[in-house]
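The next block holds one structure in the form of structure tokens; read it before the comments.
Side-chain atoms are counted along with the backbone in the values below, which use heavy atoms only and exclude waters and symmetry mates. Letters A, B, ... are given to chains in the order of the sequence lines, protein chains preceding strands, and every chain is numbered from 1. Here the structure is a predicted model, which is why all the values come from computation and not from measurement.
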There are 2 protein chains.
Amino acid sequence: MERKKEEEVFADYARRKNLKHSVQREAILKIFLKNERHLTVDELYQAAKKAAPGIGFATIYRTLKHLCDSGLCRELKCEDGVTRYEHLYGHSHHDHLICTKCGKFVEVVDFGIEKLQEALARKEGFMLTKHKLELYGLCKDCQKE
Amino acid sequence: MERKKEEEVFADYARRKNLKHSVQREAILKIFLKNERHLTVDELYQAAKKAAPGIGFATIYRTLKHLCDSGLCRELKCEDGVTRYEHLYGHSHHDHLICTKCGKFVEVVDFGIEKLQEALARKEGFMLTKHKLELYGLCKDCQKE
DNA sequence: ATGACATTGATAATCAATATCATTATGTAG
DNA sequence: CTACATAATGATATTGATTATCAATGTCAT
């Protein structure tokens, strides 16, 4: 039972949605797939301009929407006001550990925390659908300076 | 060792900053203090208009900035894109349990979770400074419908 | 009452994200 | 290959939230 590759997932989505090909979208997709980092719209735009000069922000936003719809990508509204995009497909649920100095993002999970969250919600009569946990601090390297 | 009242905290701040009085700011302050709920800018604006007709959004924003500076208030950027303002003074750290249907906000704390967060961060070499935990789901009432 | 200066509201400006729209590109059917 | 339907693009306008600007007004110590 092998998992489909991200490229395939998007190809399926494109077929379902009757999307046509375009160098711009392919460029953006390629950049997104090559980067496991959490990219901002601007970073994506800067990188895409190299492969497809003249590309506009609208196309970046449009393509990101497609990526999210297809299940490959997830929008992350960060505390600093910047919106970042992370890989979703094949990534199980996780939270984020974020360095407030260098901006490093680390994906973390703790089943203990997850369990306690459930218990906490139940105690208040809530039925949980999702949660968002972001831990901010200084990473090992940034503590030295 | 009694704790100062919120009114006093703001008065001290105003003195420090050489703020002058104004009916508008006093109206906003009064509304904020009377409401323990998590208010949006618009709710505050609507309420303030009754006490000070002709008041502008700029004044709401300016006053909220003062309230935050003074330590009475905290800005909360929620997942739904709406910015809310909550009471900070005298409120120890807490997280939020949010109903995605009716918008109810419940303040919660769980020391177990806090401990595990610390441990998790330590394991990754991070020194935590703050965190943000939001639990989304349906509250008891909204589950019935 | 006066002068220094904080405050206000209207308005313009900014910033991220969306919508509009004429032009261009893609792909399928002949 | 051509034609046609339609998706995609980029420029530009628009929106919504927030901030900056500025002339007019309010506050307050003297």
Tracing side-chain contacts under 4.5 Å among Ile, Leu, Val, Met, Phe, Trp and Tyr outward from A:Met127 reaches B:Leu138
For atom CG of B:Leu64 and atom P of D:dA17, their distance in whole Å: 15 Å
Interatomic distance where OH belongs to A:Tyr45 and P belongs to C:dA17 [whole Å]: 15 Å
Can you tell me how far P of D:dT19 sits from NE2 of B:His66, to the nearest Å? 13 Å
B:Phe57 CZ to C:dT7 P: how many Å, rounded? 21 Å
Near DNA chain D, counting only heavy atoms under 4.0 Å, which residues of residues 7-15 of chain B show up? none
Could you identify which residues cluster with A:Ile31, counting Ile, Leu, Val, Met, Phe, Trp and Tyr as linked when any side-chain heavy atoms lie under 4.5 Å apart, either directly or through a chain of such contacts? A:Val9, A:Phe10, A:Tyr13, A:Leu19, A:Ile28, A:Leu29, A:Phe32, A:Leu33, A:Leu39, A:Val41, A:Leu44, A:Tyr45, A:Ile55, A:Phe57, A:Ile60, A:Tyr61, A:Leu64, A:Leu67, A:Leu72, A:Tyr85, A:Tyr89
N/O contacts under 3.5 Å, protein versus nucleotides 1-4 of chain D?
none

Across the strands shown, which category fits B:Lys17 at heavy-atom distances under 4.0 angstrom: base, sugar-phosphate, nothing? nothing
Can you tell me which residue pairs pass the salt bridge (Lys or Arg N to Asp or Glu O under 4.0 Å) test with a partner in residues 28-43 of chain A, sequence neighbours excluded? A:Arg37-A:Glu43
In whole angstrom, give the distance that lies between atom CZ of B:Arg84 and atom C1' of D:dA17. 14 Å
Looking at A:Lys132 and B:Cys78, would you say the former's side chain and the latter's main chain have a donor-acceptor pair under 3.5 Å? no
With a cutoff of under 4.5 Å between side-chain heavy atoms, which Ile, Leu, Val, Met, Phe, Trp and Tyr residues group with A:Val23? none
Identify the pairs formed between an N or O of the protein and an N or O of nucleotides 9-12 of chain C at a distance under 3.5 Å, and give each distance.
from, atom 1, to, atom 2, distance (Å)
C:dG9, OP1, B:Gln24, NE2, 3.3
C:dG9, OP2, B:Gly56, N, 3.4
C:dG9, OP2, B:Thr59, OG1, 2.4
C:dG9, N7, B:Arg62, NH2, 2.7
C:dG9, O6, B:Arg62, NH1, 3.2

Run the ring-ring contact (aromatic ring centres under 6.0 Å, His included) test against A:His131 and tell me which residues pass, sequence neighbours left out. A:His93
ILVMFWY cluster membership beyond B:Ile113 - transitive side-chain contacts under 4.5 angstrom: A:Leu97, A:Val106, A:Val108, A:Ile113, A:Leu116, A:Leu120, A:Phe126, A:Leu128, A:Leu133, A:Leu135, B:Leu97, B:Val106, B:Val108, B:Leu116, B:Leu120, B:Phe126, B:Leu128, B:Leu133, B:Leu135
Using atom types as modelled and distance alone, determine if a side-chain donor or acceptor of A:Gln24 lies under 3.5 Å from a backbone N or O of A:Ala48. no
Quick one: is B:Tyr61 getting a side-chain N or O under 4.0 Å of the D:dT18 phosphate, OP1 or OP2? yes
With a non-hydrogen cut-off below 4.0 angstrom, is B:Lys65 in contact with a base, only sugar-phosphate, or nothing? sugar-phosphate
Would you confirm whether B:Thr129, through its side chain, and A:Tyr136, through its main-chain N or O, come within 3.5 Å as a donor-acceptor pair? yes
Base contacts versus sugar-phosphate-only contacts with protein, heavy atoms under 4.0 Å: please encode nucleotides 25-30 of chain D as B, S and - from 5' to 3'. -BBS--
Suppose the criterion is salt bridge (Lys or Arg N to Asp or Glu O under 4.0 Å): which pairs have a residue in residues 45-72 of chain A, not counting sequence neighbours? none
The test is side-chain hydrogen bond (donor to acceptor under 3.5 Å, both in side chains); show your working for A:His96 and A:Glu134 and say whether it passes. CA-CA 5 Å; A:His96 292 102; A:Glu134 285 164 8; 5.3 Å; no
Full working for salt bridge (Lys or Arg N to Asp or Glu O under 4.0 Å) between A:Lys4 and A:Asp12: CA-CA 10 Å; A:Lys4 262 186 272 191; A:Asp12 289 350; 3.0 Å; yes
Between P on C:dC15 and CG on A:Asp42, what's the gap in Å once rounded to a whole number? 12 Å
Is the backbone N or O of B:Lys20 less than 3.5 Å from a side-chain atom of B:Arg25, with the two atoms forming a donor-acceptor pair by type? yes
Rounded off to whole Å, could you give me the CG-to-P distance for the B:Asp69 and D:dT19 pair? 12 Å
So salt bridge (Lys or Arg N to Asp or Glu O under 4.0 Å) across residues 96-121 of chain A, not counting sequence neighbours, yields A:Lys101-A:Glu145
